[in-house]
Amino acid sequence: MLTGKKIAVIGLGTMGHAVVSGLLRSQRVNPDQISATVRTKPRAEKVSKELGIKCLTDNVDAVNDADIVLLCVKPKDIEKVSENLTKKGALKHNPLVVSIAAGTSTGFIEGIIGQECPVLRAMPNTPCFIGKGMTVVSKGSQAKDEHVALAKEIFSTMGRFTELEEKHMDTVTGLSASGPAFIYLIIEALVDGGVMRGLPRQIATELVAQMTLGAAEMVLTTGKHPASLKDEVTTPAGCTIAGILVLEDGRIRSVLARGVETAAKVAGELGR
Ligand SMILES: NC(=O)c1ccc[n+]([C@@H]2O[C@H](COP(=O)([O-])OP(=O)(O)OC[C@H]3O[C@@H](n4cnc5c(N)ncnc54)[C@H](OP(=O)(O)O)[C@@H]3O)[C@@H](O)[C@H]2O)c1
């Protein structure tokens with residue numbers, strides 16, 4: 001379905017880069033199907049060379065003949081960017097608009113660009129960079145299943161994909177988009193534990209990272225409840241249950257759950 005489709009990526013920063021890299025790596029699109037934008041000419045030239053795609057500083061030029069417009073700017077810039085595209089008539093051919101901005105509703109974007117364009121809200125995460133991302137998409141008022149199918153083609157090139165109702169998107173942001181940072185913090189802390197016991201930091205980091213990868217794969221591939229997988233590791237009177245009790249004393253479950261709750265609340269305040 002992406003064959004021959006023109007894709008404009010507005011805002012080729014961290015996430016825009018991840019999306020374009022994923023698309024190119026998958027070979028489902030050719031570099032000449034993608035045009036991207038950034039703010040400054042030197043960065044446009046640098047990115048253009050790096051990725052082999054057209055990178056401009058004029059959003060209107062990038063969007064004019066696009067079938068799909070990916071808005072990858074910060075939430076605070078969504079209003080200005082959308083207004084500018086609308087005023088200059090760059091969206092009058094009604095392309096599919098996909099915004100990845102945190103806390104920014106499809107209704108807000110529809111209110112600026114008009115009711116004709118189908119709008120999707122997507123929430124990817126940084127592991128998209130290495131094809132291990134998680135992206136959730138929700139439909140705006142004019143978006144249909146065929147539009148979600150297009151988004152699935154795009155974001156599946158960089159990991160897993162699912163669709164949810166828009167009411168869940170701030171929670172998704174606080175969970176799977178902020179989540180990598182929470183896990184890095186946990187990884188760092190576990191590594192410190194190994195270092196405290198005398199392991200070289202590099203070895204401890206490899207041990208923890210591979211263990212985290214394996215544990216996550218166990219959850220995804222066995223379909224077992226995490227509690228059941230945990231029980232399989234905890235021998236009665238053994239070392240694992242001893243460690244778990246210390247973590248429970250530190251209220252690790254509620255601390256992590258409240259972290260997600262707070263991140264989700266703040267996500268909802270970032271845009272509109
Ligand atoms: N980072 C994450 O983990 C993550 C995860 C999921 C979703 N998101 C969402 O993804 C979006 C982008 O986040 P990010 O972390 O990728 O931010 P970022 O690295 O700061 O990238 C933003 C990009 O937008 C460009 N830009 C700013 N104003 C522009 C304009 N008027 N026209 C064209 N380009 C413009 C910037 O250009 P310059 O490079 O020239 O400054 C920059 O390349 C945000 O809305 C965020 O909520 C982020």
Side-chain angles (χ1 to χ4, degrees), residues 1-74 77-78 80-82 84-101 109 113 116-133 135 137 140 142-161:
M1 273 196 305
L2 288 176
T3 312
K5 292 255 189 296
K6 295 266 188 191
I7 303 171
V9 180
I10 306 303
L12 198 74
T14 305
M15 287 314 296
H17 204 290
V19 171
V20 170
S21 308
L23 279 170
L24 293 176
R25 206 175 33 234
S26 75
Q27 298 184 336
R28 288 209 206 147
V29 297
N30 299 317
D32 61 11
Q33 286 174 255
I34 304 175
S35 36
T37 61
V38 290
R39 271 179 307 187
T40 60
K41 276 231 162 75
R43 212 178 111 65
E45 277 161 20
K46 182 171 175 276
V47 174
S48 199
K49 244 188 225 155
E50 210 176 292
L51 292 169
I53 57 164
K54 190 162 75 168
C55 189
L56 314 163
T57 52
D58 187 334
N59 294 338
V60 174
D61 276 355
V63 165
N64 264 333
D65 65 343
D67 302 288
I68 303 163
V69 178
L70 293 171
L71 297 177
C72 300
V73 294
K74 292 280 189 201
D77 295 320
I78 285 283
K80 200 175 60 186
V81 165
S82 308
N84 185 45
L85 290 174
T86 310
K87 266 192 207 144
K88 305 229 167 106
L91 299 169
K92 62 178 187 299
H93 60 298
N94 294 330
L96 168 63
V97 174
V98 184
S99 161
I100 68 162
I109 295 172
I113 67 176
E116 303 286 306
C117 273
V119 178
L120 294 176
R121 178 170 169 186
M123 191 42 61
N125 62 8
T126 50
C128 284
F129 262 115
I130 55 160
K132 297 284 180 187
T135 303
V137 158
Q142 303 303 309
K144 308 270 181 302
D145 288 347
E146 72 205 58
H147 301 121
V148 173
L150 265 181
K152 184 174 182 179
E153 258 206 87
I154 293 174
F155 290 104
S156 296
T157 63
M158 46 206 103
R160 288 180 177 243
F161 176 94

Discussion item. Any side-chain to backbone donor/acceptor pair from Q142 onto C117? Under 3.5 Å, distance only.
Written reply: no
Worksheet entry | Aromatic ring pairing H17/F129, orientation class (parallel under 30°, perpendicular over 60°, tilted between) | tilted
Practice prompt. List the steps, then state whether side-chain contact (heavy atoms from CB on, under 4.5 Å) holds for V60 with L85.
Written response: CA-CA 6 Å; V60 174; L85 290 174; 4.3 Å; yes
Worksheet entry | Taking every non-hydrogen atom, the tightest pair across C55 and S48 | N-OG, 3.7 Å
Worksheet item: How many angstroms lie between CG in D32 and NZ in K6, if you round to the nearest 0.5 Å?
Response: 6.0 Å
Fill in: CZ (R160) with more than 12 external heavy atoms under 6.0 Å
no
Discussion item. Between L150 and M1, is the side-chain contact (heavy atoms from CB on, under 4.5 Å) condition met? List the steps.
Written reply: CA-CA 7 Å; L150 265 181; M1 273 196 305; 4.1 Å; yes
Item to complete: Look only at the side chain of T157 and the backbone of I154, and say whether a donor-acceptor pair between them is shorter than 3.5 Å.
Response: yes
Worksheet entry | Pairwise distance CG(N30) to CD1(I53) - rounded to 0.5 angstrom | 13.0 Å
Worksheet item: Given side chains that start at C-beta, do those of K41 and T57 come closer than 4.5 Å, heavy atoms only?
Response: yes
Practice prompt. Tell me, with the steps shown, if I78 and V73 meet side-chain contact (heavy atoms from CB on, under 4.5 Å).
Written response: CA-CA 6 Å; I78 285 283; V73 294; 3.8 Å; yes
Practice prompt. Please report the closest heavy-atom contact between G52 and P31, naming both atoms and the distance.
Written response: O-CB, 3.2 Å
Item to complete: Might you point out which heavy atoms bring P95 and P118 nearest each other, and give the distance in Å?
Response: O-CD, 3.6 Å
Worksheet, complete the sentence: Tightest non-hydrogen contact, residues V148 and F161, listed as O-CZ, 3.9 Å
Worksheet entry | Spacing of CZ belonging to R43 relative to CD belonging to E50, to within rounding of 0.5 Å | 8.0 Å
Discussion item. Looking at every non-hydrogen atom in both residues, tell me the closest pair between L2 and R28 and how far apart they are.
Written reply: CB-O, 4.3 Å
Fill in: CG on L96 to NZ on K5, rounded to 0.5 Å
9.5 Å
Discussion item. Run M123 and T135 through side-chain contact (heavy atoms from CB on, under 4.5 Å) and show every step you take.
Written reply: CA-CA 5 Å; M123 191 42 61; T135 303; 6.0 Å; no
Discussion item. Rounded at 0.5 Å granularity, tell me how far CD1 in I10 sits from CG in L70.
Written reply: 8.5 Å
Practice prompt. Specify the closest pair of heavy atoms between L24 and L51, including all atoms of both residues, with the distance to one decimal.
Written response: CD1-O, 3.5 Å
Worksheet, complete the sentence: Rounded to the nearest 0.5 Å, the CG atom of L91 sits from the CD1 atom of I109 at a distance of 11.0 Å
Discussion item. Quick check on Q27: does its CD atom have over 12 non-hydrogen neighbours (other residues, nucleotides or ligands) under 6.0 Å away?
Written reply: no
